[in-house]
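Everything numeric here is computed off the predicted structure, so don't read it as measured data. In what follows, chains are A, B, ... by sequence order, proteins preceding strands, each numbered from 1.
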Number of protein chains: 2
Amino acid sequence: MDALNSAPARRSGQLGEEIEERIVTGVYPPGMRLDEQELATAFGVSRTPVREALIQLASSGLVEIRPRRGATVPEMSADRLCEMFEVMAELESMCGRLAARRILPAEQARLQEAHQACEAARDAGKPDLYYQLNEVFHRCIYDASHNGFLAEQATALHRRLRPYRRLQLRVRNRMDTSFSEHAAIVDAIIAGHGEQAAELLQKHVVVQGERFTDLVATLRQMNAPAAPEALATP
Amino acid sequence: MDALNSAPARRSGQLGEEIEERIVTGVYPPGMRLDEQELATAFGVSRTPVREALIQLASSGLVEIRPRRGATVPEMSADRLCEMFEVMAELESMCGRLAARRILPAEQARLQEAHQACEAARDAGKPDLYYQLNEVFHRCIYDASHNGFLAEQATALHRRLRPYRRLQLRVRNRMDTSFSEHAAIVDAIIAGHGEQAAELLQKHVVVQGERFTDLVATLRQMNAPAAPEALATP
DNA sequence: ACGATTAATCTTGTATACACAAACAAAACT
DNA sequence: AGTTTTGTTTGTGTATACAAGATTAATCGT
C-alpha cells in the first residue's frame, strides 16, 4: 500500500497535476500499476476524483487505461520516444518559422531576456535552473508564433518529454551547446530568417532525441530505481 | 430537457464517441451547454459515465469544462480554425515527407488502392462517399510515415476538423480539385520525392483553411440551425 | 422604483455503495 | 503429473446520495 507516498489532500485540478508530476519525475515509473483505491487513500480523497484524473491523463497519453484492467504508466519504448522527438522537432521548427515572420517588438525583448537568463544560469553552472529557464525560452518562441493552438500543442508535448530531456541536460556539458544553439536561433528569429530558424530548431531538438544509445541508457536509468516487480517485461 | 435527443443506452467507450459524433456533426452546436443530468437521462445512464466522457472529450479539446460552471461545446472562432488548419497542414506535410522516404511496397499498393477508390466516388458524384474515402486516403499517408505517434496526432486533429472540412467539400466542385491534388501527392510519395510531397500536402490542406470568407460563412452556417438559446453571446 | 443583499434552487464535485468482470488459486478430473 | 474447471478475491464500472459553490429570484432597504 505504501508504494504510493501519502500526501496532503488536494483539490480537483490539483490532483491530476500532482499525479502527472509524479509520473514525469519518475516517482511512478513506466510500467507501474496505478491502483485507484491506493491512490485515493494516498491522497486522502475518494476513488471518484482519482478516476477522473486518471481518465484525463489517459487522454493526453500520460497513463494507459485498459478497460476492466486498470491504469498503468505506459512504458515508452525507445522507438516511441524517437517518434515523439521527431514530432516535437517539427512543431518547434514550425514555431520558429512563424515566429521569425510574426514576432512583435515586445516579444523580441522577452525572448532576448529569456536568452540572457539562460546565459546567467549556464555561467553559474546551475543545470536545474537552466532547465527551467530553457522552458521559458522555448515558450517565448511558441507564443511568438502567434498561433495559439500550435503553442498549446507544442507546450503539451514539451511537457510530456520533460523527464527525458531533463536527464539529457545533465550528461556532458549539454548546457553549453544548448546555449550556443539558442543564440543562433534568437539571431535567426530577430533577423526574420524563418527557414533558418526552422532548421536550427529542428536540429536543436533532434539532437536530444536522435541518439539511440543515450536514449536507451536514459530509459534504463529511469526504469531501474523503483517498482521492482513492474519491471519484469516477459 | 428534450434539447438533447434521447437514445438507446450505450456502453462505456461508446458514450464518448456518441457525444463526440453529435458535436462534430453539429447536433450539439458550438456554444451549447452540456448539462450532465440531461445527457445522462438522454442516454439512459447515470451522471458518472457522462462526466467521465465529458472529461475525456475536454482533454482532446472537443468540449470545454470550466470548474464549477459545467461543460460547453467550445465556440471555434475563425481565427482559431485557421490556426488549427495551419497546424494540420504542417502535420500532413510531415507525414508526406516521411512517407516518401519510408513507405513499403504493401503500403504503396494500399495508397494507390485508396486513391482509385476516391476516383470512383468522384466519377459517381458521391461527395459523402468521397469524403469518407478521403479519410482513408489520408490515413494511408499517416501510416506510411512509420511514425505511430505522428499518425495518432494527425488522426486526432483530422477528426476534430472533420465537420469544417466536410462542408467545404460540398461547395464548388472541390471533389475534382481535391482528387487531382491527391494524384500529384501519390506520385511524389511513390517517386520518393519527400519535399515535393510535403509541399503538395501543405497546399492541399491549407487551401481548405485559408479562405477566411468561406470559413466564416461556414461557421455562420453551422451556428445558425440549432440551439437558439445557447447562441446568445452576451 | 431601483439597487443591494439574502434566500432558494440548481448544478457541479465528491463520497459511498453495489454489481459485474477478470485474474488468481485450488481442487478435481483425465 | 498436467490440464481444465470452478470458487474466491480483487478491482473496475455504474449508480445513488450528499455537500459545496454558483446562479437566480425574491425581499428588504434606501
To the nearest Å, give me how far apart [atom1] ([X]) and [atom2] ([N]) are.
{"X": "B:R66", "N": "C:dT11", "atom1": "CZ", "atom2": "P", "value": "16 Å"}
{"X": "A:F43", "N": "C:dT14", "atom1": "CZ", "atom2": "P", "value": "14 Å"}
{"X": "B:D35", "N": "D:dA22", "atom1": "CG", "atom2": "P", "value": "17 Å"}
{"X": "A:L54", "N": "D:dG11", "atom1": "CG", "atom2": "C1'", "value": "13 Å"}
{"X": "B:I55", "N": "C:dG13", "atom1": "CD1", "atom2": "P", "value": "8 Å"}
{"X": "A:E36", "N": "C:dT16", "atom1": "CD", "atom2": "P", "value": "15 Å"}
{"X": "B:L34", "N": "C:dC10", "atom1": "CG", "atom2": "P", "value": "20 Å"}
{"X": "B:Q56", "N": "D:dG13", "atom1": "CD", "atom2": "C1'", "value": "14 Å"}

Pairwise 5' ranking along DNA chain D for A:T48 and A:R68, keeping only the more 5' one
A:R68

Indicate whether OP1 or OP2 belonging to D:dT12 is found under 4.0 Å from a side-chain N or O atom of A:R69.
no

Determine, for A:R22 against A:E18, whether the closest basic-nitrogen to carboxylate-oxygen distance falls under 4.0 angstrom.
yes

Pair A:R97 + A:E90: basic N to acidic O under 4.0 Å:
no

Would you say the base of C:dG13 and the side-chain of B:R47 have a donor-acceptor pair closer than 3.5 Å?
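Such a pair is found, so the answer is yes.
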
Within the side chain of B:E36, is there an N or O that forms a donor-acceptor pair under 3.5 Å with the backbone of B:R47?
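Not at all, since once roles are kept as given, no pair shorter than 3.5 Å links the two residues.
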
Only one of B:V24, B:L34, B:L62 forms a side chain to side chain contact (heavy atoms under 4.5 Å, CB included) with B:V73, so which one is it?
B:L34

